[in-house]
> 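What follows is a structure written as structure tokens; I'll ask about it next.
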Number of protein chains: 2
Amino acid sequence: MRGSGRPTMNDVAAAAGVSLKTVSRVINAEPNVDPALADRVREAIDRLGYHRNALAASLRSGTNDTIGFLAADLSNSFSMGIAAAVSAVASQRGLHVLMASSEEDPAVERRLALDLCQRRVGGLILVPAATDHGYLAPEVAHGTPVVFLDRPGDGIPADTVLLDNRGGARAAVAELLGGHERIGLLLDATEIYTMRERLAGAEEAFAAAGRALDPSLLVTGIHTPQDAAAATARLLDGPRPPTALFCGNNRATVGALEELTRRDADVAVTGFDDFELSWMLPRPLRVVAYDVAALGALAATTLLDRIAGDAAAPPALHLVPTTLVDRGGRQRTPTG
Amino acid sequence: MRGSGRPTMNDVAAAAGVSLKTVSRVINAEPNVDPALADRVREAIDRLGYHRNALAASLRSGTNDTIGFLAADLSNSFSMGIAAAVSAVASQRGLHVLMASSEEDPAVERRLALDLCQRRVGGLILVPAATDHGYLAPEVAHGTPVVFLDRPGDGIPADTVLLDNRGGARAAVAELLGGHERIGLLLDATEIYTMRERLAGAEEAFAAAGRALDPSLLVTGIHTPQDAAAATARLLDGPRPPTALFCGNNRATVGALEELTRRDADVAVTGFDDFELSWMLPRPLRVVAYDVAALGALAATTLLDRIAGDAAAPPALHLVPTTLVDRGGRQRTPTG
DNA sequence: ATGAAAGCGCTAACAT
DNA sequence: ATGTTAGCGCTTTCAT
């Protein structure tokens, strides 16, 4: 798109009969301007409908007041909660946010990330879709810090903000191990970092209890609630039907609950991720919950601190804690 | 934040031993460059870790490849679905999106909208928090088109994309009128545009059926599920307990369902807005559903068409249709 | 207190 | 096929 004939500072200066610099002083509220001149300038500004070109200003001054947020998939509620928090923190500090979504495609991530850098974002919050981020090395070297969010990145020094996936899963499974002999596990593909961590946490819980995870009760590659419902049915109809299920994400939890409710089966369920209206569900369940907004806000403040501070300081790893929360079973109000 | 010493085109030109313009030609893939020189340039680019400054380029060329999206409240799932759709459309056309949230505050909206215009967005999608948008008149006059989304704006010529609030409510209430004598209405504050429209639609349905809405069964100002639950309890305990409820938004629906389930009351429920997992709820309900992504995509394409097309053409009003969908009652899978 | 000149990094318009 | 010059709209620097 082409720019149109907007008035410039020069136009305002001509209209007010003052120099360019005087207009600049008025716009930027610099001291030492004759009030009479300032009024004339303001009148001209209003009359012409002038406002300054922030891009030109930042080109000349070298300042930069935008950050980039590149989600893996903006359309899920997790990314959205994060985006809202990032936007809130940025807005509070007078910064703007360029948002984009890689759609979980490493090539798209790369293109968009470099695009954002070309637009001179002061820093980048990235939910990795790619596994190698070496392509960002020149950017980081030239002073555009990156913060990895939710999943670790690789190939560049960068602060990282992660959920305590392992600890959350460990606590959840440990709790189930207290009352159950046979525990089924429903996870998405273990190629996914968070799933590997959650499985590792579950294994830690088994090990700590001196027990072994039954491989026949472990189902991976569950993408949709339908997958989870089918897997649940299969486990229940199998030779060693579980009396408890640990679900690796909210889609798995929803699908498992659906099948269990259909059968009216007495199986305890604990799922990673809370979800909207989980407290409204008819049957009780536990969820590994966490504060999505806090996660986004932490990523944003980490980035802004890095921008303001020492670029060379060693990267930090922040783990956001999880809590085990009772849901469903018709509670009065949402909590946690 | 200050810019750091990134290499410029000049640096690349010096390093490759060519002129500035040759570097520009290579970067922009213009024809008529000696392959040998081009290789030298590319080598220098890699060695220096150069990339072009897109802001400087667009300042000079007058092009502009970003649009602004100003939500009223980025943190709700409605805004988020819209944001994702806007981002997808923009990305597909090679544009970037600056996102911000007014937090339903007219003053914040004004500040952020003007901020975005100063950053020379090519256009603005706005979910109005303010009622008067005259402050944007100079921007629109100078060629920055605005699209109002979800709520109408005022004071400037601008395309508008709305839900068919009135038609959706009318259809929902007409359906309830077919089988019910006493219908309760649970709405948020009627200061809110969408609530006024939905109430008007309900009234139209009553009028079309030759019946009158019972004012004692109309509750407004319902903000939270708790408000809705309390209002439901009050109506059921009143002299004319309704046998059906029409809820003006998903918060009202959730609260009403909570109270009805607690009492195990046989009351039909239809609510405006679908919500996550509505299909999982134990008791049947109907919802006035719509395609959030379509709403966002329509706003984005409307804006882009306006940017590409005739700025002076009369503003268009787009109504996005709604559908009445059965939910709850333990269906197999999500539909609609 | 005010202004003139230079220049941020790039592209456009014109040479050669 | 390559280079030179000017200038986008602003801030900076240095005069006055």
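Just so we're on the same page: letters track the sequence lines, and every chain starts at 1.
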> Within less than 4.0 Å of OP1 or OP2 of C:dT11, is there a side-chain N or O belonging to B:N28?
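Yes, such a contact exists.
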> Return the 5'-most residue of the pair B:N32, A:N10 with respect to DNA chain D, ranking by each residue's nearest nucleotide.
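Of the two residues, B:N32 wins.
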> Just checking, is any N or O donor in the side chain of A:T8 or A:N10 under 3.5 Å from an acceptor N or O on the other one?
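Note: A:T8 and A:N10 side chains miss the donor-acceptor criterion.
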> May I have the distance from A:R60 (atom CZ) to C:dG9 (atom P), rounded to whole angstrom?
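Result: 9 Å.
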> Quick one: B:L20 CG to C:dA12 C1', roughly how many Å, whole number?
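Atom-to-atom, B:L20 to C:dA12, this comes out as 12 Å.
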> Can you measure B:D34 atom CG to C:dT16 atom P for me and round it to whole angstrom units?
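Those two atoms, CG and P, are 22 Å apart.
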> Over 60° means perpendicular and under 30° means parallel, so tell me whether A:Y290 and A:F78 are parallel, tilted or perpendicular.
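Rings of A:Y290 and A:F78: perpendicular, as their planes differ by over 60°.
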> Looking at B:R6 and C:dG9, is any side-chain donor or acceptor paired with a base atom of the opposite kind under 3.5 Å?
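Answer no: no donor N or O sits under 3.5 Å from an acceptor.
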> Roughly, in whole Å, what's the span from CG in A:L59 to P in D:dC8?
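Result: 13 Å.
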> Within the 4.5 Å heavy-atom criterion, are A:L162 and A:V320 side-chain neighbours or not?
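Result no, sub-4.5 Å side-chain heavy-atom pair not found.
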> Determine whether the side chains of B:T144 and A:R6 contain a donor N or O and an acceptor N or O closer than 3.5 Å.
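B:T144 vs A:R6: donor-acceptor pair found between side chains.
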> Could you give the angle between the helix axes at the two ends of the helix from C:dA1-D:dT16 to C:dT16-D:dA1, with five pairs per end, rounded to 10 degrees?
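Computed from the C1' atoms at both ends, the axes differ by 40°.
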> Expressed as a whole number of angstroms, how long is the span from B:R25:CZ to D:dT2:C1'?
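That distance rounds to 6 Å.
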> For A:S19 and C:dT2, is the shortest distance between a side-chain N/O and OP1 or OP2 below 4.0 Å?
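Indeed not, no polar side-chain atom of A:S19 lies that close.
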> Could you pull out all residues at least two apart from B:R25 that satisfy side chain to side chain donor-acceptor pair (under 3.5 Å)?
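Listed in chain order: nothing, the list is empty.
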> Taking only side-chain N and O atoms of B:N53, does any of them lie within less than 4.0 angstrom of OP1 or OP2 on C:dG9?
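For C:dG9, neither OP1 nor OP2 has a side-chain N or O of B:N53 closer than 4.0 Å.
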> Side chains of A:D65 and A:H96: do they bring a donor and an acceptor to under 3.5 Å?
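Note: A:D65 and A:H96 side chains miss the donor-acceptor criterion.
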> Side chains of B:R52 and B:N28: is there a donor and an acceptor less than 3.5 Å apart?
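Yes, B:N28 and B:R52 have a side-chain donor paired with an acceptor closer than 3.5 Å.
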> Let me know, please, whether B:E30 or A:G17 comes out on the 5' side of the other along DNA chain C by nearest nucleotide.
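This one resolves to A:G17.
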> In whole Å, I'd like the distance from the CE atom of A:M9 to the C1' atom of C:dG3.
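The distance from CE of A:M9 to C1' of C:dG3 comes to 14 Å, rounded to the nearest Å.
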> What is the separation between atom CG on A:L55 and atom P on D:dC8, rounded to the nearest whole Å?
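Those two atoms, CG and P, are 16 Å apart.
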> Take the protein atom CD1 of B:I27 and the nucleotide atom P of C:dG9, then report the distance between them rounded to whole Å.
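The distance from CD1 of B:I27 to P of C:dG9 comes to 14 Å, rounded to the nearest Å.
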> Under a 3.5 Å distance rule, please check whether B:S102 uses its side chain to pair with a backbone N or O of B:E109 as donor and acceptor.
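No: the side chain of B:S102 does not pair with the backbone of B:E109.
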> Using a cut-off of strictly less than 4.0 Å, decide whether B:T22 has a side-chain nitrogen or oxygen near OP1 or OP2 of D:dG3.
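Looking at the OP1 and OP2 atoms of D:dG3, one of them is under 4.0 Å from a side-chain N or O of B:T22.
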> If you compare every side-chain N and O of B:T8 against the phosphate oxygens of C:dG9 (OP1, OP2), does one of them come in below 4.0 Å?
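Checking B:T8 against C:dG9: no side-chain N or O falls below 4.0 Å of OP1 or OP2.
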> Under 4.0 Å, counting only non-hydrogen atoms across every strand here, what does A:R52 touch: a base, just sugar-phosphate, or nothing?
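Sugar-phosphate, backbone atoms only, no base.
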> Starting from the 5' end of DNA chain D, give me the residue, A:K21 or B:P35, whose nearest nucleotide shows up first.
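Per heavy-atom nearest nucleotide, the more 5' residue is B:P35.
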> Reckon A:S24 has a side-chain N or O less than 4.0 Å from the OP1 or OP2 of D:dT11?
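For D:dT11, OP1/OP2 do have a side-chain N/O of A:S24 under 4.0 Å.
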